[in-house]
Amino acid sequence: MDASASNTKREVSESSFEYFLGEILSLSYPMPSNDPVGEETRRLENIGYEVGYRMIEKLGNNNKFIGSDPLDLIKFICKEFWEEIFRKKIDKLQTNHRGVFVLTDLRFRWLEKYSSDDIASKQAAAKMLNVPCGIIRGALANLGVLAIVNADFNNLPGCTFNIRVKS
């Protein structure tokens, strides 16, 4: 396969993934008033969880032994996994060496279409971040690490993902 065919395949896959994400968000948007608070968040994160879990299965066939230490697994997420899903490596990884990791992406592609000065846009961005939180949590679960993942943003399109590994 030549380079142009490979690039075309990547573009089609990426646009399909973006369409898929948009459909997930639009289908979950008007929640019935009888749904408990947090149900929408839980559904979006569960969708992301399934995607992340399965992506590790796909990547696992192509990678050699990653390790079993949580730091090694988080580094794998920041490099190979992040690049596969978001087409770039994470910009910054911080840890307190006690099971808390902070991943910073200064230009998170999924947030590029949101404005930082519009309240509705910020709410939509916060809702959308439940999907990548689920993706990270699912990937880590498949690697044998149970974790709580939260996201935060101050300056769009940058965001941080906080990962707390359960011991």
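Note that the structure is predicted; figures quoted are calculated from it, not measured.
Of the possible polar contacts, one joining the N130 side chain to the K127 backbone as a donor-acceptor pair under 3.5 Å is found. Under the 3.5 Å distance criterion, the side-chain polar atoms of T95 are matched with a main-chain donor or acceptor of V100.
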Enumerate, atom names and distances included, each donor-acceptor pair closer than 3.5 Å involving a side-chain atom of residues 146-162, sequence neighbours excluded.
none

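In this structure, CD1 in I77 is found 11.0 Å from CG in L93, a value given to the nearest 0.5 Å. Atom-to-atom distance recorded for K58:NZ and R54:CZ is 14.5 Å, nearest 0.5 angstrom.
Every residue two or more places apart in sequence or in another chain that forms a side-chain hydrogen bond (donor to acceptor under 3.5 Å, both in side chains) with K88 is listed here: D91, D105.
The shortest side-chain heavy-atom distance between L140 and I56 does not fall under the 4.5 Å cut-off. For the pair Y49 and R137, the minimum side-chain heavy-atom distance is below 4.5 Å.
With respect to the salt-bridge test (charged N to carboxylate O, under 4.0 angstrom), the residues E83 and R87 do not qualify. A salt bridge links R42 with E39: the closest approach of a Lys/Arg side-chain nitrogen to an acidic carboxylate oxygen falls below 4.0 angstrom.
Residues F86 and P132 approach most closely at CZ-CB, 4.2 Å, considering heavy atoms. The minimum heavy-atom distance between E80 and K75, with the atom names listed, is OE1-O, 4.5 Å.
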